[in-house]
Amino acid sequence: MMSLLQVLPAINAILHGIIVARFGIRNNQPVFVFMLVYAALAIAVYLSVPNVLWAVLLLTTIGTIGLTVTFNKIARDKRLEMVIWPLNIVIIVVAGYLLFAA
């Protein structure tokens, strides 16, 4: 399960990076920040940093709430955001499982 949690934030960082590359950083600064956050989380999970599961759970929840709040304000193609949403939910479920059930 932990190896899955290494891959999912990396995929999320890649998807955020595609958004920044495709639509520019000027109007996508929060997307750029979360690209860096998810890349750092993927590395932290790989290195087994203490309390990384809490960080993954908290930061992914914040990212999901931010995406939900701003979704209707996005004035461009939203297909990647529609992939990021369920990916975030899967990350939250996996991190929650590892924290509370494993």
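Just so it is clear, the values below take in all heavy atoms, side chains as well, and ignore hydrogens, waters and symmetry mates.
Residues Pro9 and Leu41 come closest through the heavy atom pair CB-CB, 4.4 Å. Ala39 and Ala13 get closest at one heavy-atom pair: N-CB, 3.6 Å. What you find for Gly24 and Asn28 is that their closest heavy atoms are O-ND2, 2.8 Å. Across all non-hydrogen atoms, the minimal contact from Val94 to Met1 is CG1-O, 4.1 Å. Minimum heavy-atom separation, Ala42 to Ala10: CB-N, 3.7 Å.
Under the side-chain contact (heavy atoms from CB on, under 4.5 Å) rule, Ile92 has a single partner from Leu58, Leu87, Thr61, which is Thr61.
At a threshold of 4.5 Å between non-hydrogen side-chain atoms, the residues Ile19 and Leu15 do not count as touching. Side-chain atoms of Val52 and Leu47, non-hydrogen and from C-beta on, never get closer than 4.5 Å to each other.
No chain of hydrophobic side-chain contacts below 4.5 Å, direct or via other Ile, Leu, Val, Met, Phe, Trp or Tyr residues, connects Val37 to Val69. Both Ile25 and Ile18 are assigned to one and the same hydrophobic cluster, defined by single-linkage of ILVMFWY side chains at heavy-atom distances under 4.5 Å. Linking Ile, Leu, Val, Met, Phe, Trp and Tyr whenever their side-chain heavy atoms come within less than 4.5 Å leaves Ile84 and Ile89 in two separate clusters. Hydrophobic clustering (ILVMFWY, side-chain heavy atoms < 4.5 Å, transitive): Val93 and Ile62 are in distinct clusters. One hydrophobic cluster, built from ILVMFWY side chains closer than 4.5 Å, cannot hold both Val31 and Ile65; they sit in different ones.
The side chain to side chain donor-acceptor pair (under 3.5 Å) contacts involving residues 5-24 comprise Asn12-His16, Asn12-Asn88, Arg22-Asp77, where partners must be two or more places apart or lie in separate chains. Within the structure, the ring pair (Phe, Tyr, Trp, His ring centres under 6.0 Å) test picks out the following pairs touching residues 17-37 (sequence neighbours left out): Phe34-Tyr38.
For Met82, the CE atom is loosely surrounded, since the number of other residues' heavy atoms within 6.0 Å does not exceed 12.
For Phe71, the ring pair (Phe, Tyr, Trp, His ring centres under 6.0 Å) partners at least two apart in sequence or on another chain are Trp85.
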Checklist entry - Yes or no on side chain to side chain contact (heavy atoms under 4.5 Å, CB included) for Leu53 and Leu5, after CA distance, side-chain angles and deciding distance? => result CA-CA 9 Å; Leu53 294 177; Leu5 198 59; 3.2 Å; yes
